[in-house]
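These notes are about the structure you will find just below.
Just so it is clear: chains get the letters A, B, ... in the order the sequence lines come, proteins before strands, and each one is counted from 1.
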Amino acid sequence: MIDIKNLSLVINNAVILDDISLTVNDGETIGIIGKSGSGKTMFLKTVAGLVAPSDGIVLFNGARLPKSARTAGTIVSYCGGAVPHNPDEGLYNFLLLARMSHKKALRPFSDFDRQVAEEYIQVFGLGPFRDRSIGLLPDGIFRRVLLAYALIRGAGALILDNPTNDLDIVSLKMLKKAIARYVMNGKRVALVCANDLNFITQTADRLIVMEDGRIAETGTVDMINADLVKQYFGIDVIISRNIYTGKPEIHFFPDT
Amino acid sequence: MRKSALKKSEVITLSIASALTLAALTANLLLRVSPLHIVLPLIGAGAYCALVALNELHPRIPCDYIQTGEAAVGALVLLGALMFSENRIAITGALLTAILLYGAYLSGVLAPDKKEHSINGALAQGAVAVIIIFLTAGAGRELSSLEPILLGRLPAAWGGSALPAAAAAVVVLLFCIARLAGNKLRMYSHGIPFFAGSRMAWAGIGALMIAARGLLISITILFAGITCGIGVSVNRLYRGRLSAAVNLLAIAGFTQVSVFTAALAGFWYAAGLSFIGSYILFAVYYNKRTHLYDRHQKP
């Protein structure tokens, strides 16, 4: 469970986040949407402890994030746009490194660590690439590796910033399933921000719409309608319902 | 980690590297080269092999020590130190200090790009060459006084076994530390977002890497001169299994070929061969895309 209280962030006199309060319950996936520059990424980075807030606190199961980065790694896993710098690393070995926060210094990885890595290699369909260097992977597969890395860390809070970048339709399906499976497993939560509104409506349990560093709207995914999209994104859309899930789907008007 | 059997091409590469190294060693023995001139470069080769392994975890410096200019700076410092002192500890200390400072400059100031490092290295080598000519001609010395520096024969001339033993111990120790802390170092190599530790710990490992690199390059220059400058390129070009063994054999074999060339044709030919061999392999590596996706080329 994450409890965010009065979170504010001011950088060079510019208000980036303005008094945000939010509670995320165990097993919940929160989708965050909003125009570019609305503060989504900075919100996620502040919650993940990568940026120090100007005011307010973030509590994970009632406690602040510990100062030890190693311990913090078992509590929060953030996946943003960062790219690993060593292209010669093999895919499997790279994914195993995600378990470093769970093992003692100088100890080898446990069977469980290897089992978790194997599990997500299967989930993200990475088996055929496991012996390749990460520098030799196509962009879409490489993105899957980064997402698998974030999930393999096994932290209580999974924070994904624009995870749909570079993903094809197969990878999107894998990611959706992986997030659902992740939060079902124990006391875990997921915060996902994406510019792909359809992915968010199909994945999240609850939606947050951000505008000018504030939470402008919050509710279930059913709150998505043409008026809301027009109000916060400034474009006209048609909303239909997915015939299997009943969740809203957004369609653009053709240019006239 | 899943292990699989060696491929045919890997077995062939390993066999060729072993055969060439053995042939060069045998030729040197047949030429009655001093045993110290045969054995001591192998310590330098071991140090450089450990350095190449460490370089994999510190991808900020993508070139060999000849291309980066470290070998040239080391040679200049040794030449200067030899003019003022005969104390081996002072000379070794001066070399280590200069290499550490130059390594900090390479890691801290230059971008992790092979083009930037090679241009910087070429400029450094040009400057060092001019200074060396000025120093030797100005002091009325023969350029042949560079022989023990370029071929790493100072420890052989100094005699005693303390320095070779200490150097070998440092190489083995650093190799063991790198093996034990391998996972942590591999995390370090991917940058702060993938490092399970504080920013301070990350910076600390960076400083230790520079120090370890400086130690290993100093040992290489002292014991093998400039004859190991193919290591990084060989390592980048050979991506098969047992790459450490192939690399060790390649570097050790190349040092022995240099010893052989020096015995047969003179030290300028040996130094020239090392220099040209290093640059030829670097050119092959430079023009070959070892990584398909540009996102990795400039971290």
Side-chain angles (χ1 to χ4, degrees), chain A residues 45 48 50 66-74 77-90 92-109 113-114 117-118 121 127 130-143 146 149-150 153 155 166, chain B residues 1-4 7 52-62 111-113 176-203 205-206 209 232 235-241 243 289-299:
Chain A
K45 282 189 170 178
L50 301 174
K67 287 199 171 157
S68 154
R70 189 170 163 271
T71 316
T74 63
S77 176
Y78 173 85
C79 178
V83 171
H85 289 186
N86 191 350
D88 297 323
E89 184 84 81
Y92 179 73
N93 290 338
F94 174 69
L95 289 180
L96 257 187
L97 289 179
R99 299 296 299 174
M100 280 292 279
S101 298
H102 295 271
K103 79 175 193 71
K104 287 185 177 167
L106 305 183
R107 288 273 178 87
F109 289 107
D113 293 330
R114 292 175 188 281
E118 289 290 353
I121 284 174
R130 57 177 294 147
D131 290 330
R132 279 212 212 164
S133 302
I134 54 175
L136 294 171
L137 297 172
D139 281 343
I141 304 297
F142 180 71
R143 188 70 195 169
L146 294 184
Y149 186 95
R153 289 176 84 170
D166 289 330
Chain B
M1 201 187 308
R2 207 175 56 174
K3 304 268 185 193
S4 57
K7 289 180 195 162
V52 170
L54 212 61
N55 230 34
E56 287 278 281
L57 307 168
H58 184 66
R60 288 200 62 83
I61 302 179
D113 169 44
C176 291
I177 290 174
R179 291 287 293 184
L180 278 172
N183 289 327
K184 197 80 178 168
L185 294 176
R186 280 168 47 226
M187 291 195 92
Y188 159 84
S189 76
H190 291 298
I192 291 177
F194 298 90
F195 183 71
S198 65
R199 271 177 182 272
M200 203 178 267
W202 190 81
I205 291 181
M209 288 295 242
V232 172
N235 189 49
R236 293 275 158 120
L237 289 168
Y238 177 77
R239 285 282 169 222
R241 288 178 190 277
S243 58
R289 296 194 72 179
T290 46
H291 306 115
L292 294 180
Y293 297 95
D294 283 337
R295 61 172 179 265
H296 298 297
Q297 297 285 5
K298 291 180 184 175

Practice prompt. List the atom of A69(A), the atom of S198(B), and the distance in Å for their closest heavy-atom pair.
Written response: CB-N, 3.6 Å
Discussion item. Is F94(A) in contact with chain B via its backbone, its side chain, both, or neither, using a 4.5 Å heavy-atom distance?
Written reply: both
Response to the item:
Bottom line for K103(A): the part with an atom under 4.5 Å from chain B's heavy atoms is side chain
Worksheet item: Which pairs, with at least one residue in residues 180-190 of chain B and sequence neighbours excluded, count as a side-chain hydrogen bond (donor to acceptor under 3.5 Å, both in side chains)?
Response: N86(A)-S189(B), E89(A)-R186(B), E89(A)-H190(B), H58(B)-Y188(B), N183(B)-R186(B)
